[in-house]
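Below you'll find the structure, written out as structure tokens, and then a few comments.
Predicted model only: the values in this text are computed from it and were never measured.
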Amino acid sequence: MSEKNFPSHEEIQREFEDFVKKRFGSNVKVISHEFSLHPKTQTKQANTASRNSTSSDLTFNLKPKDVKAYLDRFIIEQDEAKKALSIALCDHYNQVNDHLKNPSSRVQENYAKQNVLILGPTGVGKTYMIRQIARLIGVPFVKADATRFTETGYVGANVDDLIKELVNQAGGDIGRAQYGIVYLDEADKLATPRHLVGGRDVSGRGVQMGLLKLMEETELDLRAAHDPASQMQAFLEMQQKGKVERQLVNTRHILFIVSGAFTGLDTLISKRLNKNNIGFSRSVQSVKTRDEVYNYAETQDFIEYGFEPEFIGRLPVRVSCHHLNKDALFSILKNSEGSLIRQYEFAFAAYGIDVKFCDKALQAIARKASVEKTGARGLMTILEKILRDFKFMLPSTHILNLEITEAMIKHPEKELRKLLKNFPQDDRDEIKLIKAFESLFFAEHRMKLYFDADAIQYLVQRAKSEQIPADQLCRDLLQSFEHGLKLIGQNTGQTEFVINAETVKHPRQGLEKMVKDSYKINGKDPFLEEEKHEN
């Protein structure tokens, strides 16, 4: 076919839309990207695809204790889960290393991939833990919710999309994607309800079987027959090249980690334990909490819960995460490198407010969050509720420092009223001008000025009363300060200066005092010596 007879992108799009509307109705809209038809572009794309299919340059030299030590920086408690994950991770990526160094190694033939199943309630750090692992190793990472998937051929996403997303996360590098991590949350929702056994369940058993082939070794063609966008791209390639190049991803070295709360599984475990141990052991009587019961989970329990034996058998590493009490939640706020407190410090800092949380305040937050029963997610709920009005009101005042106290956590409205009584609102524009003056002074003289809270309050009120811009007022009051501050710098080496309210009220006397004090630092007072000389 000659190039002039080749249909345009718009023509293909229009014809494809007509086909889809006739088949599925007018509510369906097709969106696609335009593909270049220029021969040079096609050659470039082919070269890119070939380059992206090369082996990953992944290197792994960590030991299980190294991985756990890294996770300890971010994840509080869950020691058994972190230990099991560290071992599984090292075993898996040591096998990957061996494969990359020696693809023909016979060790690979007998290796069973250690996919992981994590049981645990919401907010205990399951997703955060896996995300940190992926970051540590430097491999592509995809996180998805199991509830979005259906069996191939039905409306909704299918499990093959996980691998496509992994390739996208790898920047299109298929070689790198083949050593990534797929994390599937809410996996307990895939359990087939007993009343549907033997019937059609497009989002349970069908999805389990779809995942089964991915968790083993399979080659997945990214241009799936059921994907309209892939088929359109294949059609264009066929028109140009006379053939379609397959884009295959091998899943042998992709690590799969699935997790869920598994509500009700503890009941099945308890029944089995009680049945097996009546009259023979007292060990079951010591199992009192749901967290402890999960430690006894076996394959048969998951099958009874609604999982296919083949599916659950592909998840040999099983770990249980426990609920977080108030002490653990306090430790998350206080010690974790990923503490939510960093987020609030940044939020206030955006308005020039330096915020600090005292330990008693953090303990009060942890106590309130523990009542939520949503783990670490409860911390965000409590902080957002308590600090919402603070974040709304304080940026419009000239408050520069804020200490979050236990009283603020217990009585936020009362404590906020106290703050606002002393610090008037609607001063934001004037404060910005004062800050702009500080920045300009530094740019011109390479010396930093900081007005303290009382000084800012005085400048704002005076600027309003005299109806002049606050930065102009600062220039008028401190017009000769650069000379005196340079002299202080020569005496002391000082380059940063805090200006208090008394200095801005009486700038000449204030500067003289600052200069005089700078000489005293060196044990010499020239003003006193001058008086003695005159006498």
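Lys213 is linked by a salt bridge (Lys or Arg N to Asp or Glu O under 4.0 Å) to Asp160, counting only residues two or more places apart in sequence or in another chain. Legend: residues meeting salt bridge (Lys or Arg N to Asp or Glu O under 4.0 Å) with Glu298, ordered by chain and number and at least two apart, are Arg272. The salt bridge (Lys or Arg N to Asp or Glu O under 4.0 Å) search around Glu403 returns none, not counting sequence neighbours. Scanning for side-chain hydrogen bond (donor to acceptor under 3.5 Å, both in side chains) contacts around Gln114 gives Asp91, with sequence neighbours left out. For Asp185, the side-chain hydrogen bond (donor to acceptor under 3.5 Å, both in side chains) partners two or more places apart in sequence, or in a different chain, are Ser259. For Thr299, the side-chain hydrogen bond (donor to acceptor under 3.5 Å, both in side chains) partners two or more places apart in sequence, or in a different chain, are Arg318. By the salt bridge (Lys or Arg N to Asp or Glu O under 4.0 Å) test, Lys385 pairs with no residue at all, sequence neighbours left out.
Between Phe307 and Phe262, the ring planes lie tilted relative to each other; the angle falls in the 30° to 60° range.
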Exercise. Checking salt bridge (charged side-chain N to carboxylate O under 4.0 Å, His left out) for the pair Arg252/Glu217: CA distance, chi angles, key distance, verdict?
Worked result: CA-CA 4 Å; Arg252 178 175 179 80; Glu217 180 177 9; 3.2 Å; yes
Side chains of residues 330-337: which donor-acceptor partners sit under 3.5 Å, not counting sequence neighbours?
unit_1 : atom_1 : unit_2 : atom_2 : d
Ser331 : OG     : Asn335 : ND2    : 3.1
Lys334 : NZ     : Asp359 : OD1    : 2.8
Ser336 : OG     : Phe74  : O      : 2.8
Ser336 : OG     : Gly338 : N      : 3.1
Glu337 : OE1    : Arg73  : NH2    : 3.0
Glu337 : OE2    : Arg73  : NE     : 2.7
Glu337 : OE2    : Arg73  : NH2    : 3.4

Identify every side-chain donor-acceptor pair in residues 342-349 under 3.5 Å, counting partners at least two apart or on other chains, and give the distances.
unit_1 : atom_1 : unit_2 : atom_2 : d
Arg342 : NE     : Glu345 : OE1    : 3.2
Tyr344 : OH     : Glu384 : N      : 3.3
Tyr344 : OH     : Glu384 : OE1    : 3.2

Donor-acceptor pairs are to be reported for all side-chain atoms of residues 76-83 against protein atoms at under 3.5 Å, with residues two or more places apart or in another chain.
unit_1 : atom_1 : unit_2 : atom_2 : d
Gln78  : OE1    : His322 : N      : 3.0
Gln78  : NE2    : His322 : O      : 2.9
Glu80  : OE2    : Lys83  : NZ     : 3.3
Lys82  : NZ     : Asp72  : OD1    : 2.6
Lys82  : NZ     : Ile75  : O      : 2.9
Lys82  : NZ     : Glu77  : O      : 2.9

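Legend: salt bridge (Lys or Arg N to Asp or Glu O under 4.0 Å) pairs involving residues 121-147, not counting sequence neighbours: none detected. Under the side-chain hydrogen bond (donor to acceptor under 3.5 Å, both in side chains) criterion, the residue pairs touching residues 368-383 are Thr122-Arg377, with sequence neighbours excluded.
Comment: Arg314 does not engage Glu308 in a salt bridge, judged by the lack of any side-chain N to carboxylate O separation of less than 4.0 angstrom.
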